[in-house]
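Lettering follows sequence order; numbering is per chain, from 1. Remember, it's a predicted structure, so these values are computed and weren't measured experimentally.
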There are 2 protein chains.
Amino acid sequence: MATPNALPRISLSQQIKDQLLERIMQGELSPGARLIELKIAAEFSTSQAPVREALRELEAMGVIETLPNKGARVRTITNDELCQLYDVRAQLEAYATQLTTENGVPLKSKLKEIVRLMKKAAREEDSTAFAGHNSDFHRVIVKSSGNTVLLDLWENLNVQARTMTNVTRSRRNLMELADSHQPIIDAIASGNSKLANSLAKEHVLSNRPKSTI
Amino acid sequence: MATPNALPRISLSQQIKDQLLERIMQGELSPGARLIELKIAAEFSTSQAPVREALRELEAMGVIETLPNKGARVRTITNDELCQLYDVRAQLEAYATQLTTENGVPLKSKLKEIVRLMKKAAREEDSTAFAGHNSDFHRVIVKSSGNTVLLDLWENLNVQARTMTNVTRSRRNLMELADSHQPIIDAIASGNSKLANSLAKEHVLSNRPKSTI
DNA sequence: ATTTCAACGATTATCGATAATTTATTGACA
DNA sequence: TGTCAATAAATTATCGATAATCGTTGAAAT
């Protein structure tokens, strides 16, 4: 509807981008759904321009696909591509975890706290909160690697993985998943970077979807 | 069905993007240089809109940086970041080369041909052509990994590396650089994926800039 | 009934102009 | 002088409208 309260703090294109991303993450906009510029513009009571900007941003994130003169759709990712995404993420995270371990940054308490929050979310079966904490756990590690290029690539893959996989797990599964982070914490704290590398890799791969071949 | 003049009309934003990218690669637009939308629009005799689209594309490529309400500049990459970029690229290419080797795709003749072209460019001291063939060599390998996610990330890093490093080497250096690809070809052909992995990694790292710490 | 293709509706691409924001300039005042 | 607020200039963000393009529909021709 009309704009009751437009917060002019953020640019319109930014606001539109955030809204659309939220809808895609929530599954409100499912893969393959078309995104029509003028429709969206009308909905947000703006012109076409900021909508186009927002769509470009989302495309850069890999969340939507656009074809010249044909418009944008929510990206549909095949199971194959999702597997590939996890494979690459496993490599990047293994490397990041190794670097972080070598750096000797003290993360134990922070990571344990995040796992605690994960378990809390698991008990409450709040899978959205769980996913957030889960991302935080890995983000802290990748950020501590000190390699910003690596962090950027990881964020990119993470957004795609989270928008494309709408998994809702049982409470037991969530609890097990939370527990599965502990060995990584220990490896980092122990300073065994080679072990940290392989544990991180296995951790990501254990969550990889099944290959459908 | 085949219309005689099937010249694919490229969009204005695409043309502007290509032109700007060329200028950045050529060093005509140096890092830090401002990109003013209306100036560019005037130069290309277009309106502001396609220029903004082009700038968004270039930003997504990591070639320029934009700040809200403040405009766009050619990205300045610190030596540190460039080192990080090479480190990550080394990881990705090592993994890609390993996958390609495991896939058993026959690449020997194609890769040898590319090295031949590299040497030709080296003799002619055509460093632009050399850089192109060099990219081709690695792109063929990454593409043969069969992992499109990996390919996309690699292309992204490759563009950044090529726009940011304007290296012109001596003929001898170019020839040595061309030769340094041979071990990788052999490792892939031999099927020794672990060796291929480490050779590819070392190859990238050997071209890494010196850390300035 | 099938094919062709012109006209139409829907949508994207681009335009020219205006509003909003940042940056530069000026001039009063201590 | 030097500081700082007010103003002007430059530039980005957004608007509303038009042009270009794509897909579809339906009637004419075979």
Side-chain angles (χ1 to χ4, degrees), chain A residues 1-21 23-24 29-61 63-76, chain B residues 1-21 23-24 29-61 63-76:
Chain A
M1 312 316 173
T3 64
N5 49 354
L7 295 175
R9 279 169 27 105
I10 324 172
S11 69
L12 284 178
S13 56
Q14 190 85 344
Q15 295 178 50
I16 295 171
K17 184 198 77 176
D18 292 342
Q19 286 286 324
L20 292 179
L21 184 57
R23 289 185 198 175
I24 293 172
L29 282 169
S30 21
R34 255 194 101 175
L35 297 166
I36 291 164
E37 296 172 358
L38 287 174
K39 298 263 182 69
I40 298 170
E43 185 186 340
F44 286 97
S45 308
T46 72
S47 74
Q48 201 182 345
V51 175
R52 281 177 73 88
E53 303 260 328
L55 293 182
R56 291 281 168 161
E57 289 262 345
L58 292 173
E59 190 188 18
M61 284 192 208
V63 172
I64 69 173
E65 295 174 312
T66 75
L67 294 176
N69 295 319
K70 293 192 58 177
R73 292 176 181 274
V74 178
R75 183 171 167 207
T76 64
Chain B
M1 58 166 121
T3 50
N5 50 354
L7 265 181
R9 270 200 53 194
I10 310 177
S11 68
L12 284 178
S13 57
Q14 191 85 344
Q15 295 178 49
I16 295 171
K17 183 197 77 174
D18 292 342
Q19 287 286 325
L20 292 178
L21 184 57
R23 289 185 197 175
I24 294 172
L29 281 169
S30 22
R34 255 195 100 174
L35 298 165
I36 291 163
E37 297 173 357
L38 288 174
K39 296 262 183 66
I40 298 170
E43 184 187 342
F44 287 97
S45 307
T46 71
S47 74
Q48 202 183 344
V51 175
R52 281 176 73 86
E53 303 260 326
L55 293 182
R56 290 283 168 158
E57 289 263 345
L58 292 172
E59 191 189 17
M61 285 192 206
V63 172
I64 69 173
E65 294 175 314
T66 76
L67 295 175
N69 295 319
K70 293 193 58 178
R73 290 176 181 275
V74 179
R75 183 171 167 206
T76 64

Spacing between A:Leu67 atom CG and C:dA13 atom C1', to the nearest angstrom
15 Å
Could you tell me whether the side chain of A:Gln48 has a donor or acceptor atom within less than 3.5 Å of a complementary atom in the base of C:dA13?
yes
Decide, yes or no, whether a salt bridge links B:Glu57 with A:Arg56 under the criterion of side-chain N to carboxylate O below 4.0 Å.
yes
Less than 4.0 angstrom between a side-chain N/O of B:Lys70 and OP1 or OP2 of C:dT23, yes or no?
yes
Provide, to the nearest angstrom, the distance between the CZ atom belonging to A:Arg52 and the P atom belonging to D:dA13.
16 Å
Compare all side-chain heavy atoms of A:Leu55 with those of A:Leu20 and state whether any distance is below 4.5 angstrom.
yes
Among D:dC15, D:dA13, C:dT14, which nucleotide has an atom closest to any side-chain atom of A:Ser47?
D:dC15
What's the shortest heavy-atom distance between A:Ser47 and A:Ala41, and which atoms?
O-CB, 3.4 Å
Length of the CG-P vector between A:Asn69 and D:dG23, whole Å
9 Å
Bend angle of the helix from C:dA1-D:dT30 to C:dA30-D:dT1, end axes from five pairs each (to 10°):
0°
Pairs satisfying salt bridge (charged side-chain N to carboxylate O under 4.0 Å, His left out), at least one member in residues 34-45 of chain B, at least two apart:
B:Arg23-B:Glu43, B:Glu37-B:Arg52
Write down the atom of A:Arg73, the atom of A:Gly32, and the distance for their closest heavy-atom approach.
NH1-O, 2.9 Å
Contact under 4.0 Å: A:Ser13 side-chain N or O vs D:dT14 OP1/OP2:
yes
Near-strand residues of residues 29-45 of chain B, defined as heavy-atom separation under 4.0 angstrom from DNA chain D
B:Arg34, B:Leu35, B:Ile36, B:Glu37, B:Leu38, B:Lys39
